[in-house]
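First the structure, in the form of structure tokens, and then the observations on it.
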2 protein chains.
Amino acid sequence: MTANEQGAGETAIQGPRKPKTARGKKTRAKILRAAEECFGTLGYHQAGITDITRYAGVALGSFYSYFSGKEDAMRELVREMGHNLRAHLAQNVAGATDRVDAEVRGLRAFLEYIRDHPWMYRILQEVQFVDEAVYREYYDTFSEHYARLLSEATQAGELRPGNNQVRNWALMGMGHFLGMRFALWDEDVPMDEIIKTMDDLLRHGLARSDQ
Amino acid sequence: MTANEQGAGETAIQGPRKPKTARGKKTRAKILRAAEECFGTLGYHQAGITDITRYAGVALGSFYSYFSGKEDAMRELVREMGHNLRAHLAQNVAGATDRVDAEVRGLRAFLEYIRDHPWMYRILQEVQFVDEAVYREYYDTFSEHYARLLSEATQAGELRPGNNQVRNWALMGMGHFLGMRFALWDEDVPMDEIIKTMDDLLRHGLARSDQ
DNA sequence: AACCTATGTGAATGATGATTCATGTTTCAT
DNA sequence: ATGAAACATGAATCATCATTCACATAGGTT
């Protein structure tokens, strides 16, 4: 039940191991990709380990060579997505002219990521009900980084004064719902239209006449 | 598997029935409340029918007297929540001075609802992975009503021109995340602070100097 | 070649838990 | 009071997996 025992001379007869050779790495990767596909299409509970291993083209037992169980694979997938998405965003936000521009570029990159990795995003959402701690960790990590950027922009006088913690979560929520509705469910509104609308909202608010 | 057979002279030996007497209504209600509690605390998959009936203080079989299965109870709970929440919001938004004021009052009422019915909100989120159609239906219904209000406000010149469909989902997303983080997970930021921040965001945007 | 470690295999195990159904009890209209 | 419809009961059924384990095979080192 505890973490991966990898130390020397352990008593454990067998447990999940980190692959030591290229062959092992490849197998583990095949299983992870298969898990992504199965969890994504079938859902965590519907997907069986046999589905995953059949899809990966390996024996049932091989799953347990690399993962301590179903949840473990799910967690790994979420961590992986966290890294990939953060990298993708960092790459796309670079070069923004101001904080709002960065937000909007970030939103576009986020929507693109969801569109291109729909399974991954579904898995992130479902992990909430499989291992809530992992879900919170994901957003807390994200939020931590995010809050700093907003604070710096506020310091610099780029943003109106206000509670950045709250804004932070509001912005993540926007992204989440826009992604779900317009990237995952139905791409019936062009990306540029979404971005334009959100740029305006973030720059000027909703109300017609300020003051 | 199909819907509740309630018509006259059906062949079905037995199926879920609508309660015909006060006793029946009471039992069904007890089961539904128990299901809410169990799904909410244990989660849909973890909660067993036996947990629900034990908590309700009725026999296992009674569950199937009123529901065709586990999913059916879940669906019913989500529908119930939709009605209750919509009523709560309508009540609290009445008397708003302008559209943004209505948004902000709606947000406050929404956060209060989540705070007071945390289980219900968890269930709504989990239904996404139990019966996605119900989840979409919930938000589509919400969105339909919402989009009309935004359009009217735009017509009236209260709101800046823009894609209200997009704004609509962005606003729902804000509400969702703010509720999850500040009403469900941790009430570490006072409601008034959240409201003040969001009022400012919706009235003026994020950027310090317009134009 | 001999040998050790990393990998790979899939039948068997063991729990779990949703759903059914045959039977008993209550309510109530007549 | 009495019979029928509603309602309530919970042991038994049935199917589904996650996980284990005893036994192969492959790769590379001496």
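Please read all numbers here as calculations on a predicted model, not as lab measurements. Here is how names work: the chains are called A, B, and so on, in the same order as the sequence lines, proteins then strands, and each is numbered from 1. Hydrogens, waters and symmetry mates are skipped; everything else that's a heavy atom, side chains included, is used.
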Subject >> Test side-chain contact (heavy atoms from CB on, under 4.5 Å) applied to A:Val130 and A:Arg75, A:Lys70, A:Met74, the passing residue >> reply: A:Met74
Original post:
Where along residues 30-54 of chain A does a heavy atom fall under 4.0 Å from DNA chain D?
Top reply: A:Ala47, A:Gly48, A:Ile49
Original post:
What does A:Ser62 touch in the nucleic acid at a heavy-atom separation under 4.0 angstrom: a base, only the sugar-phosphate, or nothing?
Top reply: base
**OP:** Would you mind telling me which of D:dT19, C:dT9, D:dA6 lies closest to the side-chain atoms of A:Ala59?
**Re:** C:dT9
Original post:
Is any side-chain heavy atom of B:Lys25 less than 4.5 Å from a side-chain heavy atom of B:Lys20?
Top reply: no
Original post:
Do any side-chain nitrogens or oxygens of B:Ser65 fall under 4.0 Å of OP1 or OP2 in D:dA6?
Top reply: no
Original post:
Does A:Arg17 make a cation-pi contact with A:Tyr66, if we ask for NZ or CZ under 6.0 Å from the ring centre and within 45° of the axis?
Top reply: yes
Original post:
Roughly, in whole Å, what's the span from CZ in B:Arg23 to C1' in D:dA5?
Top reply: 11 Å
**OP:** Would you confirm whether the ring centroid of A:Phe129 sits within less than 6.0 angstrom of the ring centroid of A:Tyr135?
**Re:** no
Original post:
Atom NZ of A:Lys26 and atom C1' of D:dA26: how far apart are they, to the nearest Å?
Top reply: 14 Å
Original post:
With sequence neighbours left out, what residues match A:Thr21 under side chain to side chain contact (heavy atoms under 4.5 Å, CB included)?
Top reply: A:Arg23
Subject >> Nearest to side-chain heavy atoms of A:Leu60, which nucleotide of D:dC7, C:dT7, C:dA11 >> reply: C:dA11
**OP:** To the nearest Å, give me how far apart NZ (A:Lys20) and C1' (C:dG8) are.
**Re:** 17 Å
Subject >> Atom-to-atom span, CD of A:Glu71 to C1' of D:dT19 - whole angstrom >> reply: 14 Å
Tell me which donor-acceptor pairs under 3.5 Å the side chains of residues 80-89 of chain B have, and how far apart each pair is, sequence neighbours excluded?
residue : atom : partner  : partner atom : Å
B:Glu80 : OE2  : B:Arg33  : NH2          : 2.7
B:His88 : NE2  : B:Ala109 : O            : 3.2

**OP:** Compare side-chain N and O positions of B:Tyr66 against OP1 and OP2 of D:dA8 and report whether any pair is under 4.0 Å apart.
**Re:** yes
**OP:** Ignoring backbone atoms, establish whether B:Thr27 has a side-chain N or O less than 4.0 Å from OP1 or OP2 of D:dA8.
**Re:** yes
Original post:
Under 6.0 Å between ring centres, would you say that holds for A:Tyr121 and A:Phe110?
Top reply: yes
Original post:
Nearest nucleotide by nearest heavy atom, which residue falls closer to the 5' end of DNA chain C, A:Ala22 or B:Tyr64?
Top reply: A:Ala22
Original post:
Over how many whole Å does the gap from A:Phe63 atom CZ to C:dT7 atom P extend?
Top reply: 17 Å
Original post:
In whole Å, what is the span from the CZ atom of B:Phe67 to the P atom of D:dA8?
Top reply: 12 Å
